[in-house]
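The chains referred to below are lettered A, B, ... by the order of the sequence lines, with proteins before strands, and numbering in each begins at 1. Just so you know, these numbers use all the heavy atoms, side chains as well, and skip hydrogens, waters and symmetry mates.
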2 protein chains.
Amino acid sequence: MIVNTEWYRVFLHAAESSNLTKAAQSLHMTQPSVSYAIKQLEETLGVRLFDRLSKGVRLTQEGQALYLHVRTAFEELDSAERRIKKLKQFSEGHLRICANGAIIKDFLLPSLDAFHARYPSIRIQLSQDRTSRILERLKQGSTDLGFVHLPVLDEEIEVGASHASPYCVVVGTAFADWTLQPLSTERLTELPLLMLSPGSTTRSFIEGWFQSQGLEAEADFELNSLDMLAEFAERGYGAAFLPRGFVASRIASRTLLELRTEVPIPDRHIGIAVRKHSSLSLAAEAFWSMLF
Amino acid sequence: MIVNTEWYRVFLHAAESSNLTKAAQSLHMTQPSVSYAIKQLEETLGVRLFDRLSKGVRLTQEGQALYLHVRTAFEELDSAERRIKKLKQFSEGHLRICANGAIIKDFLLPSLDAFHARYPSIRIQLSQDRTSRILERLKQGSTDLGFVHLPVLDEEIEVGASHASPYCVVVGTAFADWTLQPLSTERLTELPLLMLSPGSTTRSFIEGWFQSQGLEAEADFELNSLDMLAEFAERGYGAAFLPRGFVASRIASRTLLELRTEVPIPDRHIGIAVRKHSSLSLAAEAFWSMLF
DNA sequence: TCTTTGTCATAGAGAGGATCAATAACAGAT
DNA sequence: ATCTGTTATTGATCCTCTCTATGACAAAGA
């Protein structure tokens, strides 16, 4: 049985006011329209829903039964619309970002500051996570933008724009004499190496650079954050590969020294990842356009 | 927010098939119509509900939230329609009658037999009850027809048709000599009187007859059913006022004797009562037309 | 790379149904 | 009897949905 659900809306109002004229008013219709709709409904269902009295209408037994169901159905639709309204407000004033820890300090922070200054009422949700988990979250729709190092090979992910992030190798002042001339990659391996824990894309990036030259990088320290790497490098434990932006102030103040290499260290490329075909929230759109 | 609920129906199918073309098929519409409806819904709610992919559509976060609500709402409407269908079948094959005990045997039974013979599949629900309670049940819609003694003064009740039911006074053979000549009402009061318990309309009817002649009827026996009254009269305990139809066979077999009275005992009038303006069920309609 | 296939979107025309204004019909109440 | 408040009916109108035809696009395959 297929019943025009708009008739149910009319029925609902009629049942609640027991008066077709009043129902028409609350529905912003005329009384004959209501009368017509009720008649259609009754004929479609094959049941008389109201007894017509001289001063209004009265639900029949069947009408009463129908009313209970229809009321809960429309209450459900009401709550659906309220829910949507809330979600809309929320998502419009909401920016969800995931990024690698390396990227946050090196690249994201200034943009984020600017965004927050311009749209202070937009709530920012920033999650630091590993690249693989960021992609997962994008795919399940629980974040809007993902900032990851390229390349990203996932079929369902799209990289919107990219940004080069220069890397450098730094040591503490204890190794000052290593800075006098450019180093071959081979000589570099003679230094103790400070690296992130295995599995991170940043570490793979560095290992890949060595491997492309037929050499094996062996980590002497395995630490969990860029901060720790910089800290240990400063104290003279060895050499660390870090985003130049991240260590720029330390290099300027000469607590860290940059090594020159014969083979240049390639830039890494930071990309903005989104789920393919997903429509961006307004906030995400705004943030995106502030980045470039 | 007022949203055309038919759009929700389209949305529901689209969400369930993740494919507007297939949704259109299951809705017996064309794909552009579905596309249009979804667009309307999205614009009205101000939210994008689907991401459009190259092979179908995918619910957005908001769409998923909406879907859950809309689904339960339409499930509710479904169950409403199933409920109505059942009620319809039921009420069409269902006759609900209430009647005074006195009327059942005296008047209703033969008609009921005929009705049952003609419509054996229609379920008959017969409740024996007091007049006041019958009127209550009519007013609350829990019975279709009420068979009661007239007059009925209730504002909300309508009496459709009436039928005269002759009454008589009977005694057992022990009082045979009382039958020789017509009795004045005064003499009648000298007999022990067998009556129904106080409060019944039948008893009021009899008391009213005495009172209209300035006499007081005093009950010697107060019993609860016509059968009991006949039984006690037969055994010679006194005189009972009973519907002539009810005691006809006993009079014929001379186990009960009818007294003649100078002032004739008026007929009682049985009426078919219905709630004013209520539409009768098919079965009730059929039964009604068999009565006259 | 080009074609094919499957998808959704758009445009414009058309039809059908909901809506309306006017009025009738009806029942209670005054 | 008349008045008031209700629902039902009618016929015209208008709007909205639906349709056909076509476009646009993306993915898969030749």
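Residue contacts shown for B:Thr21 are limited to sugar-phosphate atoms, with no base heavy atom under 4.0 Å away. Contact annotation for A:Gln31: base contact, defined as any heavy-atom pair under 4.0 Å involving a base atom. Note on A:Asn4: only backbone sugar-phosphate atoms sit closer than 4.0 angstrom, heavy atoms only; bases stay farther off. Among the atoms of the strands shown, none is found under 4.0 Å from any heavy atom of A:Glu6. B:Lys276 comes within 4.0 angstrom of no nucleic acid atom, judged by non-hydrogen atoms across all strands.
In this structure, CZ of A:Phe50 is placed 15 Å from P of D:dT6, rounded to the nearest angstrom. Atom OH of B:Tyr36 and atom C1' of D:dT20 are 16 Å apart (whole Å). Distance, A:Glu156 CD to D:dA26 P: 17 Å, rounded to whole Å. Computed from coordinates, the A:Glu42 CD to D:dT7 P distance equals 13 Å when rounded to whole Å. In this structure, B:Met29 atom CE and D:dT16 atom P are separated by 16 Å, rounded to whole Å. To the nearest angstrom, C1' of D:dC17 lies 20 Å from CZ of B:Phe11. A:Ile38 has its CD1 atom 14 Å from the P atom of D:dT9, to the nearest Å.
Dense packing is recorded around NZ of A:Lys139, with more than 12 heavy atoms of other residues, nucleotides or ligands lying under 6.0 Å away. Remark: A:Arg58 CZ is packed, more than 12 non-hydrogen atoms of other residues, nucleotides or ligands lying under 6.0 Å away.
Here B:Ser132 contributes atom OG and B:Arg137 contributes atom CZ; the two are 11.5 Å apart, rounded to the nearest 0.5 Å.
If you check D:dA26, D:dT20, D:dT9 against the side chain of B:Thr30, the one that comes closest is D:dT20. The side chain of B:Pro32 sits closest to D:dA21 out of D:dA21, D:dT7, D:dC17.
First and last contacts of DNA chain C with chain B, using any nucleotide atom under 4.0 Å from a protein heavy atom and ordered 5' to 3', fall at C:dT7 to C:dG28.
Here the closest heavy-atom approach between residue A:Ile134 and residue A:Asn100 is recorded as CD1-N, 3.7 Å. Here the shortest heavy-atom pairing between B:Ala99 and B:Ile104 reads CB-CG1, 3.8 Å.
The pair A:Glu42-A:Lys39 does not count as a salt bridge, with every side-chain nitrogen at least 4.0 angstrom from each carboxylate oxygen. Between A:Glu136 and A:Arg133 no salt bridge is recorded (no basic side-chain N to carboxylate O distance below 4.0 Å).
Nearest-nucleotide mapping onto DNA chain C: of A:Ala37 and B:Leu53, the residue sitting toward the 5' end is B:Leu53. Checking B:Ser35 against A:Lys55, the closest nucleotide of DNA chain C that is more toward the 5' end is the one next to B:Ser35.
Phosphate proximity of D:dG5 to A:Asn19: absent, as no side-chain N or O sits under 4.0 Å from OP1 or OP2. Listed pair A:Lys39 / D:dT7 fails the phosphate criterion, with no side-chain N or O lying under 4.0 Å from OP1 or OP2.
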Is there a ring pair (Phe, Tyr, Trp, His ring centres under 6.0 Å) between B:Phe205 and B:His149? Walk through the geometry before answering.
CA-CA 9 Å; B:Phe205 165 71; B:His149 289 293; 7.5 Å; no
